[in-house]
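In what follows, a single structure is set out as structure tokens and then discussed.
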Amino acid sequence: MLYTAGVMGDNTSNTQPGGLVRVAQAALLSPPFSTLSYLLPEGFGADFWQPGLRLAVPLGRGVRAAVLLEVAEMDVAAQEFSFKEVTWPLEQLGQSGPLLTPEYLDYARQFALRQAQPVGRVLSNMIPAGLRDTALRLRFFSPTVPQDMELRKMGNLAPAEREQLAGLWRSGQGKVLHALKSADEEYYVLKKSPPWPVMPSASRQIQVLEFLEAHRQVSRRRITRELGAEISSALKTLLSRGLIELKQQEEQTAEVGASRAEWLEKHGDILRSQPPFALNAEQETALNDFVELAQAKQPATRLLYGITGSGKTAVYLELAARVLQSGRKVLLLAPEVALALKLRNNARQRFPSLPVHLFHGYQTTVQRENMFRALSRCDEPALVVGTRSAMFLQLQDIGLIILDEEHDSSFKQDERLNYQAKELAWFLARRDGALLLLGSATPDLKTFYAVRQGHIKMHRLAERVGGGALPEVTLALMPRTAGGASVLTPEGEEALTACVAAGDQAVILLNRRGYSPSMYCLACGTVARCPHCEIAFTYHKGREKLVCHYCGYSVPFPYPCPTCKALHYLPMGEGTEKLEERLNTLLPTGTRVLRLDRDSTSRSGAMEEILDSFGRGEAEVLVGTQMLSKGHHFPRVSLAIVADGDMGLSMPDYNAAERTFQLVLQASGRAGRGEKPGKVIIQTRDPGHYCWEYILKNDYEGFYQRELELRRRRNYPPFTRLALIRISYPLGWPEGPNLLNTLAEKLQAAGASLGVAVLGPAPAPHPIRERQYRFQCLLKGDDWQRIRGVYNAAAAAVPSGSKLGISLDIDPAATS
Ligand code: ADP
Ligand code: ZN
């Protein structure tokens, strides 16, 4: 393995004798993510430095978190520069070694290799934030340590005292204190509801009380971040008057830690209990096959292809029970948090006393870290329900991984680090001899192709359980020019009014959050744009902000027009927030409308509340983004409206039709799942698109045939492998264009010699983001190795420390 050069230093504490010295190869968990060499401090003992140990290491003037990959022997005297020493270990060695196991490091290495990324970068994405924190202090608790040495800041240990402290550390008399963690762990809550006995002049106190009322519980860190440090005396007063309270985050890890036998003894009965209904014949057949595979302890993949409401979840749960009974772990994964919550509730209903471990990105960093630690090296069987990041938990002996809605593009992460959850799942399945079960009503075209080619076996659930009919689907034509008009067509409005009048519930899918997607200045006729990306600002009325949905940059509203300074805008187009507002005037008074999108669910727990409230019938209409299109089962919903049917079709992606098909069919699956027949209205400006023909007939296989032929003719996946190279550099950087030209030549040359088609580089569909020019280059080839080869040839031509960024996205979910 190749390592980047060690760190040049002038203040190295170790004298370097000739001959071989043991040196740590440590992967940095922050940029530049390289693997560097460091000397090992004295006093810990040689056996202390085990792979997987987290370290604090010096870099430049700071201290960084790193993971020890291995200890190598090196002739340091022969190097042209001296090495620095590891600052301090970030953890105690547990009974069985460091927190991260060799198996986990191997997982990270494989992942890194595949994505052509440094291991440090991959690890930094895999482990929870708290585990790569260096804002720490060290606490030593031995009577022999003078008091002024008990609490030390990481990094300021004098060489003379280090050896003594190392001895204490080694004997377990020292630990790491997370300075930042307590600020996350402790949160403020209201103790009294309004009206509060506070003088109107005490504006800071009122500000705190109102903030807590709106957010219910707010961590110590967040309240100072959002209200400013000046708030602290108001907090103290309110605490002392008993109006607010400071609480500790609950530890949610109490259940883990039993032995396998104890766990099975405790939960065996509930796992063996009968479901409230007998599985039907199709479900039985599928289940039996899956159970047999899982028991064989050989890696295998299966597809469960079943229309919405056909009882897939019921099969997942019975299968999970069987695998847990055999003492192994189960990962049940959903593409979205809302859907993970739904699966968790299904599991709880079926197995009321069984612990279900939830893991997803909407949890606090402390919750995630606790869960990660608890499940690491845990011997008891465990049912983990979560989103794709749950695959980064350190789990051993997994017997079953289920990816529900396997076609969903949220299983592919495109931000920060690209990966496809399905591949990681397959890696884990191979490692542990587990069954990988993919479930969907509209499988990924590539998955279905693999089935047709005989590579994956599938089971089909063709009927809705209880025989509920599929909904009646119709198209409604939208006017070509939207302007300030409603997104709802007359047909949509009429059906909605009728549905509400009949006492039923309706869902409306509008995949665009905010009030309106662009703001048109009435004085000068321009559209307000993000200064960093040049795309239109979205107006968020409730937040009183204009927000760039591309980079997240926001400005307060009212906002003077950057061109003419006027303050009068015409909101153009309609997002979820405006639709909600419009429905409140359209529908009879007393009708309740709920909204489910990233804004309405920013507070932790809010998503559950909205979904539960709608499920209990406390509102008639639920408006939402794609969060609501999947999986939820609301028996009283008799109408689903897809407000922007062709939004996806306008994307320049090769798989735009497939994704639209899947999204719309999923959304239609929300209607008519109870007693009443359902109705689905799809609004479109392009009623002639071939996609609708198959959606109206609910004909997945017909669509599959048609789409596959198109892909074959145009040479797109599954007939070729596709990757995207993304290149960016800052606006106004003079070296940019030349370097880009050099890269273009390298790419073409490498493509020609490796037999990979190279299209581009060309400006990306959104050519500017966060004051960076963005380019992309499409690669098509027969195998990933060659594609990576082309990328590596180009990446090698970028000087280290260059302002030009280059990354490889294997099998991109979107190219826009
Ligand atoms: P899917 O996951 O395919 O959308 P679910 O598993 O959620 O379908 O099933 C839909 C509903 O039918 C659920 O309420 C579930 O409890 C119920 N159900 C599933 N299988 C059966 C069955 N064999 N008999 C009766 N009800 C069933
Ligand atoms: Zn922006």
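Order of listing sets the numbers, starting from 1, for every ligand and every atom in it.
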4.0 Å heavy-atom contact, A278 with ligand 1:
yes

Mind checking the CD-CE spacing from Q683 to M478? Nearest 0.5 Å is all I need.
5.0 Å

Is the closest N or O pair between F277 and ligand 1 shorter than 3.5 Å?
no

Can you find a side-chain donor-acceptor pair between Q705 and E701 that sits under 3.5 Å?
no

With heavy-atom distances below 4.0 Å as the criterion, list the atoms of ligand 1 near L279.
23 (N)

Within ligand 1, which atoms have a heavy atom of N280 less than 4.0 Å away?
23 (N)

What do you reckon, does G309 have a nitrogen or oxygen under 3.5 Å from a nitrogen or oxygen of ligand 1?
yes

N346-T313 side chain donor-acceptor pair, cut-off 3.5 Å
no

Is R302 close enough and on-axis enough to F290, meaning under 6.0 Å and within 45°, for cation-pi?
no

Establish, from distance only, whether the side-chain atoms of H459 and D289 form a donor-acceptor pair under 3.5 Å.
yes

Could you list all the ring-ring contact (aromatic ring centres under 6.0 Å, His included) pairs where at least one residue sits in residues 293-341, not counting sequence neighbours?
Y305-F448, Y305-Y700

Counting heavy atoms under 4.0 Å, the part of V465 that contacts ligand 1 is side chain

Any atom of ligand 1 sitting under 4.0 Å from a heavy atom of G306?
no

Run down the list K312, E284, Q283 and name the one with the heavy atom closest to atom 1 (P) of ligand 1.
K312

